[in-house]
There are 2 protein chains.
Amino acid sequence: MESSQQGSSRKRLLDVSARLFRELGFHATSMRDIARAAGMRPASIYHHFDSKEAILRELMWGFLVELLSSARDAAARAHDARGRLGAIMRTHIRLHATKATLAFVADTELRALQGVAQQEILMLRDRYEELLQDVLRHGVEEGTMHLGDVKLASYQLLAMGTGVVFWWRPEGRLSLEAVVDQYVEAALRMCGIAT
Amino acid sequence: MESSQQGSSRKRLLDVSARLFRELGFHATSMRDIARAAGMRPASIYHHFDSKEAILRELMWGFLVELLSSARDAAARAHDARGRLGAIMRTHIRLHATKATLAFVADTELRALQGVAQQEILMLRDRYEELLQDVLRHGVEEGTMHLGDVKLASYQLLAMGTGVVFWWRPEGRLSLEAVVDQYVEAALRMCGIAT
DNA sequence: CAATTAACCTAACGATCGTTCGGCAGGGAG
DNA sequence: CTCCCTGCCGAACGATCGTTAGGTTAATTG
């Protein structure tokens, strides 16, 4: 009933699509590009996915779901606002660095989705932002954080953190842990928390 | 020798192209889209520009040149590292907020340029980053700034600041001045400078 | 006046796009 | 064995792409 290669072509299509979407952009990547990189013919892709947009949809949805659940788990393990902020930033940087290809696509190709597909992704992103904003709001109310507008601060933190996908490489000068630490410290400082 | 409408079509083409490139992305925008929005026929665009990529090239180059020269001027008017950092961030946010369409395109469509055109833009971006990194390095040497890796810090600051194009609208809840102030304060805090 | 040029047009070029149709191989099920 | 389903294929569909060739108009120049 189940072949030993079950889903292997599908997974390979997702992998090469993510890589191509990152390198060329969604609209500059053709189904023929994807097929060639996956070792099959363009028509065969449609045995696994309904459309080119469906591939992008699955890539973005998968990453954002993992990002959101990781952040929730990390925040739940901390016991105060400062700890939760640090935990969220830590998982944010770690996930964006280790899955940079997916993260890059998820952060830059939202325009390419249409209608309800785009709204579904926006819904996940909103929940993620609200998770962070709740932490910031609690920190301000507790008096442990000192910042201006909470929403603005959340945009600052997320933009800063997401930026790691644009430059960090595992073989580069800085280790993942060193990078994560400096991002977390920057986040805490931005919120008026001494380290 | 000079018509009273000199360059008005050209300017209009740049304006509508920037708007379309931001809304749809470069590759999802067709020459026919641009022509329709500018009130002319596709073939007429080629009287003003050599190619679709040439339009993008001019948009990105123009914005980055203005960004770089504005930052240089602002930094020159300050007299210490802290003042220069604040001045650079202030002009960065202000320019990204007031020219958000251009800034968005310049920050997201680098992939769409090919060969030497892309390298020319990268050269400008590198000079901009170096301007900021010099300020940070001086601040660390003076002892007025306390941060880990200087390059990493510059990426954090620029990613945070550039992010303003993704959410701020002039008709929104927060005024430009309030937004600029919170970004500058966040930058100073990130660099270990008390406010 | 004639000559030139800027600005724009219609029409069409070849290429490439996402997608679909119909079929073929092969392995498991009845 | 026959039947069916999975996975993949060749071939082609209509649409759209960036771009070009050649022509028209109106204004400017000498």
Side-chain angles (χ1 to χ4, degrees), chain A residues 1-60 105 109 111-118, chain B residues 1-60 105 109 111-118:
Chain A
M1 186 207 226
E2 232 175 74
S3 112
S4 62
Q5 304 275 351
Q6 167 88 3
S8 83
S9 286
R10 193 172 201 282
K11 192 169 184 338
R12 194 168 63 254
L13 282 170
L14 287 172
D15 283 344
V16 304
S17 296
R19 213 187 62 232
L20 289 169
F21 290 167
R22 166 166 188 172
E23 286 175 12
L24 312 174
F26 175 78
H27 283 112
T29 302
S30 69
M31 292 299 263
R32 287 163 178 85
D33 290 334
I34 297 172
R36 194 179 311 115
M40 57 175 64
R41 308 290 159 178
S44 307
I45 301 177
Y46 291 87
H47 182 73
H48 301 281
F49 296 94
D50 285 341
S51 65
K52 183 179 161 191
E53 192 188 329
I55 300 179
L56 178 62
R57 216 154 48 212
E58 184 155 331
L59 288 172
M60 294 185 66
V105 173
E109 296 291 358
R111 277 181 307 193
L113 292 183
Q114 298 173 351
V116 330
Q118 184 176 92
Chain B
M1 187 208 223
E2 234 176 70
S3 110
S4 63
Q5 302 276 349
Q6 168 86 4
S8 82
S9 285
R10 193 170 202 280
K11 193 169 183 335
R12 192 168 64 254
L13 281 169
L14 286 172
D15 282 346
V16 303
S17 295
R19 212 187 62 232
L20 289 168
F21 290 167
R22 166 169 187 169
E23 285 175 14
L24 312 173
F26 175 78
H27 283 112
T29 302
S30 69
M31 293 299 263
R32 287 163 179 83
D33 290 334
I34 296 172
R36 194 180 310 114
M40 57 175 65
R41 307 291 159 179
S44 307
I45 302 178
Y46 291 87
H47 181 73
H48 302 281
F49 296 96
D50 285 343
S51 66
K52 184 179 161 189
E53 192 188 328
I55 301 178
L56 178 63
R57 217 154 48 210
E58 184 154 332
L59 288 172
M60 294 185 65
V105 172
E109 296 291 0
R111 276 181 307 194
L113 292 184
Q114 297 173 351
V116 342
Q118 185 177 93

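First the proteins, then the strands, lettered A, B, ... as listed; each starts at 1. Only a predicted model underlies this, so the values are computations on that prediction, with no experimental measurement involved.
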Between C/dG23 (C1') and A/His47 (NE2): distance, integer Å: 15 Å
Distance check: side-chain N/O of B/His27 vs OP1/OP2 of C/dC17, anything under 4.0 Å? no
Under 4.0 Å protein heavy-atom contacts per nucleotide of nucleotides 19-25 of chain D, with B for base, S for backbone only and - for none: BBB----
Worked check of side chain to side chain contact (heavy atoms under 4.5 Å, CB included) between B/Leu13 and B/Ile55: CA-CA 8 Å; B/Leu13 281 169; B/Ile55 301 178; 5.6 Å; no
To the nearest Å, how far apart are B/Gln114 CD and D/dG18 P? 13 Å
What is the distance, to the nearest angstrom, from the CZ atom on B/Phe26 to the P atom on D/dC17? 13 Å
In plain terms, say whether A/Arg111 and B/Glu109 are close enough for a salt bridge, that is, a side-chain N and a carboxylate O under 4.0 Å apart. yes
Sorted by chain and number, sequence neighbours left out, salt bridge (charged side-chain N to carboxylate O under 4.0 Å, His left out) with B/Arg57 holds for B/Glu53
Contact residues, residues 33-41 of chain A to DNA chain D [heavy atom, < 4.0 Å]: A/Met40, A/Arg41
Side chains of residues 38-50 of chain A: which donor-acceptor pairs under 3.5 Å do they make with residues two or more places apart or in other chains?
unit_1  : atom_1 : unit_2  : atom_2 : d
A/Ser44 : OG     : A/Arg41 : O      : 3.4

Considering all heavy atoms, the nearest A/Ala112-A/Leu56 contact: CB-CD2, 3.7 Å
B/Ser44 near the nucleic acid: base, sugar-phosphate alone, or nothing, with a heavy-atom cut-off under 4.0 Å? base
In chain order, what residues pass the side chain to side chain donor-acceptor pair (under 3.5 Å) check against A/Arg19, with sequence neighbours excluded? none
In whole angstroms, the gap separating P of C/dA6 from CD1 of B/Ile45 amounts to 19 Å
Gap between atoms CG and C1', on A/Leu56 and C/dG18 respectively (whole Å): 15 Å
Minimum-distance pair of heavy atoms, taken over all atoms of B/Ala37 and B/Leu20: CB-CD1, 4.1 Å
For the pair made of CZ in A/Phe49 and C1' in C/dT19, what is the distance, rounded to whole Å? 16 Å
Would you please name every residue forming a salt bridge (charged side-chain N to carboxylate O under 4.0 Å, His left out) with A/Arg12, sequence neighbours left out? none
Would you mind reading off the distance between A/Leu13 atom CG and D/dT6 atom C1', rounded to a whole angstrom? 15 Å
Sorted by first residue and then second, give each side-chain hydrogen bond (donor to acceptor under 3.5 Å, both in side chains) pair with at least one member in residues 23-32 of chain A; sequence neighbours left out. A/Ser30-A/Asp33
